[in-house]
Amino acid sequence: MSEKTIFQEIIDREIPAPLVYEDDLVAAFNDVNPQAPTHVLIVPKKLIPRVGEAVADDQATLGALLLAAGKIADKLGIKDRSKGFRLVINHGADAGESVPHLHVHLLAGRNLKWPPG
Ligand code: AMP
């Protein structure tokens, strides 16, 4: 049996991390090394290693990640267009992926540059 990812351990409550949001399909918690005043990770409860490895059966889970982002942004008061937030998914080494468990970064609270580095 393969080892659990650190995110799976958080979801399974084996590592303590306050959840910012949870539903049947996803959970969200603050990034341990925040890159912006708000930096939340939204993670599927089902292990999908990275976005490019999702399959048709994962459609509801993929949708749940984005719907959760909107709900979290609303909860944190950053959904208003005058504020805003950015969603990032890193797939693979060149993108900087470091945890092989699909996650959406939700970043907000500062003026985010474009293009990203
Ligand atoms: P990525 O580089 O896209 O794979 O993002 C992985 C993210 O997980 C990084 O931003 C890390 O800071 C974050 N991270 C790693 N371990 C933890 C943890 N135990 N709790 C919260 N965030 C974590």
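Quantities reported herein were computed from a predicted structural model and do not represent experimental measurements. Residue numbers start at 1 and run along the sequence shown. Each ligand, and each atom within it, is numbered from 1 in the order the structure gives.
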Undergrad: Are the side chains of His101 and Ile11 in contact, using a 4.5 Å heavy-atom criterion?
TA: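 Yes, side chains in contact.
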Undergrad: Please could you name the atoms of ligand 1 that Asn30 approaches to less than 4.0 Å, counting only its heavy atoms?
TA: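 Within the 4.0 Å cut-off of Asn30, ligand 1 contributes 21 (C).
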Undergrad: So, regarding Asp31 and ligand 1 (criterion: nitrogen or oxygen to nitrogen or oxygen, under 3.5 Å), is there a contact or not?
TA: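 Yes; the residue has a nitrogen or oxygen that sits under 3.5 Å from a nitrogen or oxygen of the ligand.
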Undergrad: Please check if atom CG in Asp80 has more than 12 non-hydrogen atoms from other residues, nucleotides or ligands closer than 6.0 Å.
TA: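 More than 12 heavy atoms, drawn from other residues, nucleotides or ligands, come within 6.0 Å of this atom.
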Undergrad: Can you tell me how the ring of His39 sits relative to the ring of His105, calling it parallel under 30°, perpendicular over 60° and tilted otherwise?
TA: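 Aromatic pair His39/His105 classed tilted.
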Undergrad: Within ligand 1, which atoms have a heavy atom of Asn33 less than 4.0 Å away?
TA: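 Matching atoms, with element in brackets: 12 (O).
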Undergrad: Pro44 versus Leu65: any side-chain heavy-atom pair under 4.5 Å?
TA: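 They are in contact (side-chain heavy atoms under 4.5 Å apart), so the answer is yes.
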Undergrad: Indicate, as side chain, backbone, both or neither, the part of Leu41 found under 4.0 angstrom from ligand 1 when only non-hydrogen atoms are considered.
TA: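 The answer is the side chain of Leu41.
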Undergrad: Which ligand 1 atoms does Ile6 reach within 4.0 Å, using its non-hydrogen atoms?
TA: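 Reading through ligand 1 atom by atom, the close ones are 19 (N).
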Undergrad: Which ligand 1 atoms are under 4.0 Å away from a heavy-atom of His103?
TA: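 Near His103, the atoms of ligand 1 are 1 (P), 3 (O), 4 (O), 5 (O), 6 (C).
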Undergrad: Strictly distance-based, threshold 3.5 Å: is any side-chain N or O of Arg50 a donor or acceptor partner for the main-chain N or O of Ile89?
TA: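 Not a single qualifying donor-acceptor pair exists.
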Undergrad: Look only at the side chain of His91 and the backbone of Gly52, and say whether a donor-acceptor pair between them is shorter than 3.5 Å.
TA: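 The answer is yes, because a donor-acceptor pair under 3.5 Å joins these two groups.
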Undergrad: Mark yes when over 12 heavy atoms from residues, nucleotides or ligands other than Gln59 sit less than 6.0 Å from its CD; otherwise mark no.
TA: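 Open.
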Undergrad: If we only count N/O pairs under 3.5 Å, is Ser98 in contact with ligand 1?
TA: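 N/O-N/O distance below 3.5 Å exists for this pair.
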Undergrad: Nearest to atom 21 (C) of ligand 1 by heavy atom, Ile89, Val32, Val99, Val40: which?
TA: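 Considering heavy atoms of Ile89, Val32, Val99, Val40, the nearest to atom 21 (C) of ligand 1 sits in Val32.
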Undergrad: Taking only heavy atoms of Phe7 into account, list the atoms of ligand 1 that are under 4.0 Å away from them.
TA: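 What qualifies from ligand 1 is 8 (O), 23 (C).
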Undergrad: Report, in ascending order of atom number, the atoms of ligand 1 lying under 4.0 Å from any heavy atom of Gly96.
TA: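 Answer, ordered by atom number: 1 (P), 2 (O).
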